[in-house]
Amino acid sequence: MLERLAVTLTLLGLGLLVGRLALRAGLERRARHGLMLPSYRLGRPAILYFTAPGCAPCETVQRPALAAVHEAFGDRLQIFEVDATVQPKLADAWGVLSVPTTFLIDSHGRPRRVNHGPTRMRPLVQQLEAVGEVTVRPLPAAEPALEG
C-alpha cells in the first residue's frame with residue numbers, strides 16, 4: 001500500500017516538474033523569437049491578454065482585473081488585448097490553448113509569467129512586483145465589485 005502511494009506521489013511530482021520546465025521553455029522560446037507585438041515599447045512592463053468573443057470569464061473577471069491593474073500602474077504598464085479568434089497565428093505562437101490567458105512581460109521585453117484562466121488584480125500585481133517591475137500605488141482594500 002505504501003509503495004503504491006510512494007509511486008503515485010513520485011509520478012505526480014515528476015509530472016509537475018515536467019509541466020514547469022515546459023512552461024519555462026515556452027517563455028524562453030517566445031523571448032528568443034520576439035514578442036510579435038509591434039506596438040510594444042521597451043522600458044515598460046506589459047501584460048499580454050488573450051481573449052475571445054463570448055468568453056464569460058474574460059468579461060466578468062479578467063477585463064475588470066486588468067482595468068484595476070491599469071488604474072494602479074497607470075502609464076508605467078502596457079496592456080495588450082488580443083482576440084485569439086482574429087489573430088490565431090499570434091495565439092498559436094504564444095502557445096495559447098484557452099482564454100483568458102495572460103502573459104507578463106518585463107521591461108526588457110522578456111516574457112516572465114503566464115496565467116492560464118482568469119487572474120484577479122492582486123495576483124497580477126504580485127507577479128509584476130515579483131519579477132522586479134515598478135511598485136504599485138496603494139491597493140484598494142478589496143477587489144472591485146464585479147457586475148453581473
Check whether any side-chain heavy atom of Val131 sits under 4.5 Å from a side-chain heavy atom of Arg113, and report yes or no.
yes

Give me the other members of the hydrophobic cluster that Leu9 sits in, counting Ile, Leu, Val, Met, Phe, Trp and Tyr linked by side-chain heavy atoms under 4.5 Å, directly or via other members.
Leu5

Whether the side chain of Trp94 engages the backbone of Leu35 through a donor-acceptor N/O pair (distance < 3.5 Å, no angle test) should be reported.
yes

What's the verdict on side chain to side chain contact (heavy atoms under 4.5 Å, CB included) for Val114 and Thr101, showing C-alpha distance, side-chain angles and the deciding distance?
CA-CA 7 Å; Val114 61; Thr101 298; 3.9 Å; yes

Going hydrophobic residue to hydrophobic residue with side-chain gaps under 4.5 angstrom, can you get from Met36 over to Leu48?
yes

Contact summary for Pro118 and Val61, nearest pair of heavy atoms
CB-CG1, 3.6 Å

With Val69, which of Thr119, Val125, Thr102 fulfils side chain to side chain contact (heavy atoms under 4.5 Å, CB included)?
Val125

For Arg76 and Phe73, indicate whether the former's side chain and the latter's backbone hold a donor-acceptor pair under 3.5 Å.
yes

Side chain Tyr40, main chain Gly109, donor-acceptor under 3.5 Å
yes

Among residues two or more places apart or on two chains, list those pairs meeting disulfide bond (SG atoms under 2.5 Å apart) that have a residue in residues 53-125.
Cys55-Cys58

Answer whether the closest heavy-atom distance between the side chains of Pro45 and Asp106 falls below 4.5 Å.
no

To the nearest 0.5 angstrom, please state how far the CG atom of Leu66 sits from the CD atom of Glu81.
8.0 Å

Option passing side chain to side chain contact (heavy atoms under 4.5 Å, CB included) with Pro53 (candidates Asp83, Val99, Val86)
Asp83

Taking the side chain as C-beta and beyond, is there a heavy-atom pair between Leu124 and Gln62 under 4.5 Å?
yes

